[in-house]
Amino acid sequence: MTYASAINGSGERAIPVFVVCRSQATAADWIRRAAQLPGLDVRPLLGVTSYYKAINELLQGGIEQPVLLVHDDIRCGFDFAVAVRELLVELEQKFTNWGVCGNAGIFVDGQHVLRHLRDPHGGPDPGTDITPVLVVDGNTLLLNVPALRQGEVRLPDFEGFHGYDVALSIESWLAGLAVFCDRRLFVMHKSGGDQIGFDRFCKGPAFTSYLASRLINTTLPTLNGLLDLGPSQTFRHLDYESSHESRKDISVVFDDVLSHARRTAPFLTIICRTQLVRPELLERAMSTFAMAAVEAGDLVQLEILVASDRPHPEVEAATARLREQFPGLALRGIAVAPQQERFSRVGTLFGAIMACQGDYIWVVDDDDFVFPLAVRPIARWLAPGGQRLIVGHARRFEEHWSSSAAEARCLKNSIELEKLRADGVFHAFDGDNHTPVCSAIFPLSVVKERLSRVAARGDYYEDYFLLMLTLTSARVEVICIDADIAGISLRPGENTVTLLDREHWDMSYATFMNELLRLRSATSPLFWQLAHRPGSSGLAYSPSSGTPVSRRLSPSIWPLLFRRTLFHLQKAGWRATVLRIINYLRR
Amino acid sequence: VAEGKGTDWRHSFDGVAVAMSVNQANLPIYALNFLEPRPLLADVLNERLGQDLSLHHPGRRLGFGESVNLLFSLVCPAAGFLLVNPDCIPFPGCFDALYQTFREHQDAGIVEARQWPLEHPKEFDPVTLETPWSSCACCLLSSEAFSAVGGFDPMFFLYNEDVDLSWRLRLADYKALYCPDAFAAHYTGLYSYRPDRLYPEHYYSAKNFIALSYKFFGDNGERRAIALLQAAPFPQTFKDCVMEAYRELKPRLSRYPAEVDPRRFKITGFNLYHDLRFSY
């Protein structure tokens, strides 16, 4: 059966494709090409002088189904209709309110660009899910015409062919309709765009004034660069005493619309592993979860799973106490019985993971904590059933807690040591653990599938093992976000990571890596080749550079020593100048 | 004193309740929602904290300082009172440490808790604990000192009122202290502000920076503050907006009646009132 019969025989209406043609010749080309595009109803638009007006007319017309609006210089595949129809089904299944979907766009953080096309700028990026984007590129647009009409979306009456996709994206978001980007709209775009024309129009006063009349933001990221709205902005809305502001913060709109557009909010479980021996740290972790739950709002369903190797009644009692202290948290406890074949820390963690039912897990041990304000940037990337590994920055703190037996332990000092950056996750393929487990949010379905294949007989390095198992899954997509998401408490003499005797550590490492490398699905040579290609790791080492491995594994101690000294001086309460050090010593 | 959102109230009081239970304290709590003068979550709060909570509704929008002044006049705390922002959760032992420091320094006007996880980078003396100004995000204030200086200046609707209060306390021979042993989690938006917009904190801080400079250092202070604002990396339209707002505020400002020593009361940069120990 051909695609044509598959689509036409199904009795479904063809998808209208409006092609904005610059000439009779390109229109004729598209008419001729239409015969090769079954399931698409190609309708060339001639004589268009304004993309804005063309979209407005389309929205005001009598069309009652989603349509495609494309440039005349794109080339779609023979089975494009099948892909679009599949996408439409998924959009309907997953979202209640969507307005526009394209094949390229920029995320709300202005840092992640998604491209599912081939054009003079390059080829496609991978993509596992339909992804919300702040601004979509206009080369190929799937417009949910009925929804846009109902939302009374109308573009400003500008002439020309620049900025309409920016305006359409913003107007769609403001009307409560989400804007997405998806790989199924992949096309070949024969043009790289007209940057000079874009700059002239979109960075000009008319366009920026229009945006400033709709948004309170001072900048707006687009695929063609950052638009500076500052000169066109007014700021009296910042005054609580006199503000009556109807304009919006586009990021807030993005979050609000997205949380309402999803039929189901993604489910995130924070697994807090504890032996119930340091209640003050557990309590602190919980307080950060409580703040995170408030911050998450409707973007994500948050659940806390207290996982322990202690007996069931103890875990239940502790969980009940925490529930009383933090009534706003969805909290449950799990007692993972010690297993003969696994070390306790590994058995507890992996047992808890297998008991989870949601979409994502975030492993935060009781002595770690989360940065509550990071939940929003994380949640934006989560989707039900998603397969993304979200990695953020972690900050390490050296802490001192009072040890008086007579009273509850109190935090006495906390010194920030260093920041472990999210993009260090790719160093994992170099054999080093650069990503603390609490700085990654794992896709549950992937992790469960991977864990079902392993015995996990090691002890320490279980977090690295978990990370490597996930990274070597062919399904996972890594997203690094530029936000502090977790804090790690180092307490001299209390953390296993600070043990001087590394034998148990080394044996665990060997056990886990040996098992990983025996796992057929984890040893796709391409993963490791890509990870080890020169320049990919960012470390001052590559097989061709000649840098000794010993140097790679043992970075100079002096910068670390200097940093630590400085922090110890800073905790004394003053900036470390020579004069102040002398004064301090004299005192 | 909270600024509005219902959810903020809830987690804030959860946090305070946790700290109180660990401290084995039985402190009465007084709450005031200064931006939304209507009952919010009263049931939740009362359920959570029982009889320890008194919720006040001023019936109109008040500034932060004015709200505290109102609560102070209603409650009349005997020795001192704690101020806790809704985005703060005091750690176990925090109140005890603040109180200990307060008791050990007879001339303490205000004792500030140490913010966690990111400590405020401003200077303090590790021996005397003195600091140029104390943040009111989580602090213990002396009732006597607060009364003596007339409480907060209501001209500062929001932000910088703590610098103003600290300076006036110090000028009245009270001390502004920093207590490094008293930890309070403070999830300030400051560290998560996005670069694509400006926030009320930017606006009020800029306006009140000029007001504070004028109040304590007269025309010269005002001139310098305006120059620093003009050099700051904000859009010119924002600076114009701040200047317009300041011009509206200025007729209501009263100059501090005595000469102020700029070496003791520092302005080290735009909206900076201290030397930095480190920066993030």
Side-chain angles (χ1 to χ4, degrees), chain A residues 109-110 216-221 228 230-236 238-241 249-251 280 283-284 287-288 290-291 293-295 297 325-328 369 371-374 376 395 397 402 407-414 416 483-484 487 566-567 570-576 584 587, chain B residues 3 7-8 10-11 14-15 17-18 21-22 35 48 61 63 87 89 91-94 96-97 114 116-119 121 123-127 129 157-158 178 180-181 183 185 187 189 191-192 194-200 202-204 234-238 241-242 244-245 275-278 280:
Chain A
D109 59 10
I216 62 166
N217 301 80
T218 50
T219 58
L220 185 75
D228 182 5
S232 307
Q233 275 295 3
T234 58
F235 293 95
R236 282 315 282 257
L238 300 173
D239 194 327
Y240 285 126
E241 293 148 289
D249 175 348
I250 193 61
S251 297
E280 67 289 344
E283 220 168 66
R284 178 180 70 175
S287 75
T288 65
M291 297 291 267
V294 172
E295 189 63 24
Q325 279 185 324
F326 301 97
F369 54 89
F371 283 82
L373 298 176
R376 226 151 239 275
R395 285 177 185 258
F397 296 86
S402 68
E407 58 186 37
R409 286 180 82 198
C410 294
L411 183 61
K412 286 295 175 192
N413 205 354
S414 173
E416 193 199 345
D484 296 335
L566 201 61
F567 270 107
Q570 283 167 349
K571 83 175 176 184
W574 32 262
R575 193 169 51 181
Y584 182 71
R587 189 155 36 181
Chain B
E3 66 175 76
T7 49
D8 283 351
R10 183 171 181 140
H11 67 227
D14 278 348
V18 169
S21 67
V22 176
L35 282 185
R48 186 77 191 90
R61 277 191 171 186
D87 56 358
I89 296 185
F91 270 54
C94 172
D96 295 338
R114 172 176 176 171
W116 177 93
L118 301 177
E119 189 183 1
E123 62 184 309
F124 71 93
D125 187 305
V127 177
L129 304 183
F157 185 81
L158 199 58
Y178 183 82
D181 293 338
F183 282 84
Y187 304 109
Y191 298 114
S192 66
R194 299 191 323 273
D196 69 341
R197 61 162 293 190
L198 293 170
Y199 292 82
H202 294 112
Y203 168 79
Y204 281 104
F234 293 119
Q236 189 56 46
T237 42
F238 173 76
C241 175
V242 168
E244 188 189 324
D275 282 324
L276 289 168
R277 284 187 291 137
F278 54 90
Y280 289 108

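Chain letters run A, B, ... following the sequence lines, proteins first, then strands; residues in each count from 1.
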Sort [X] into side chain, backbone, both or neither according to what part of it lies under 4.5 angstrom from a heavy atom of chain A.
X        : value
B/Ala97  : neither
B/Pro235 : side chain
B/Phe183 : side chain

For a side chain to side chain contact (heavy atoms under 4.5 Å, CB included) check, start with the C-alpha distance between A/Phe369 and B/Trp116, then their side-chain angles and the critical distance, and finish with the verdict.
CA-CA 12 Å; A/Phe369 54 89; B/Trp116 177 93; 3.3 Å; yes

Choice from A/Leu220, A/Thr288, A/Ile250, A/Asp484 maximising heavy atom contacts with chain B below 4.5 Å
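Option with the top pair count is A/Thr288.
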
Report the option among A/Ala374, A/Ala293, A/Ser251 that has the most heavy-atom pairs separated by less than 4.5 Å from atoms of chain B.
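If we count pairs closer than 4.5 Å to chain B, A/Ser251 comes out on top.
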
How far apart are the closest heavy atoms of [X] and [Y], and which atoms are they?
X        : Y        : value
B/Pro117 : A/Phe397 : O-CE2, 3.3 Å
A/Ser414 : B/Arg114 : O-NH2, 2.7 Å
B/Gly93  : A/Cys410 : CA-SG, 3.8 Å
B/Thr237 : A/Gly230 : OG1-O, 2.6 Å
A/Asp249 : B/Arg194 : OD1-NH2, 2.6 Å

Chain A: which of B/Leu198, B/Asp181, B/Val242 shares the most heavy-atom pairs with it under 4.5 Å?
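Option with the greatest count: B/Leu198.
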
Is there a side-chain contact between B/Phe238 and A/Leu238, using heavy atoms and a 4.5 Å cut-off?
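Yes. Closest side-chain heavy atoms under 4.5 Å.
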
Contact check, side chains of A/Glu283 and B/Pro92, non-hydrogen atoms, under 4.5 Å:
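The answer is yes, as the side chains (C-beta and beyond) meet within the 4.5 Å cut-off.
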
Show your reasoning for whether side chain to side chain contact (heavy atoms under 4.5 Å, CB included) applies to A/Arg236 and B/Glu244.
CA-CA 10 Å; A/Arg236 282 315 282 257; B/Glu244 188 189 324; 3.5 Å; yes

Counting only heavy atoms closer than 4.5 Å, note whether A/Arg284 contacts chain B via side chain, backbone, both or neither.
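Side chain only.
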
Starting at OH of A/Tyr240, measure out to CZ of B/Phe157 and round the result to the nearest 0.5 Å.
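Nearest 0.5 Å value for the OH-CZ distance: 8.5 Å.
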
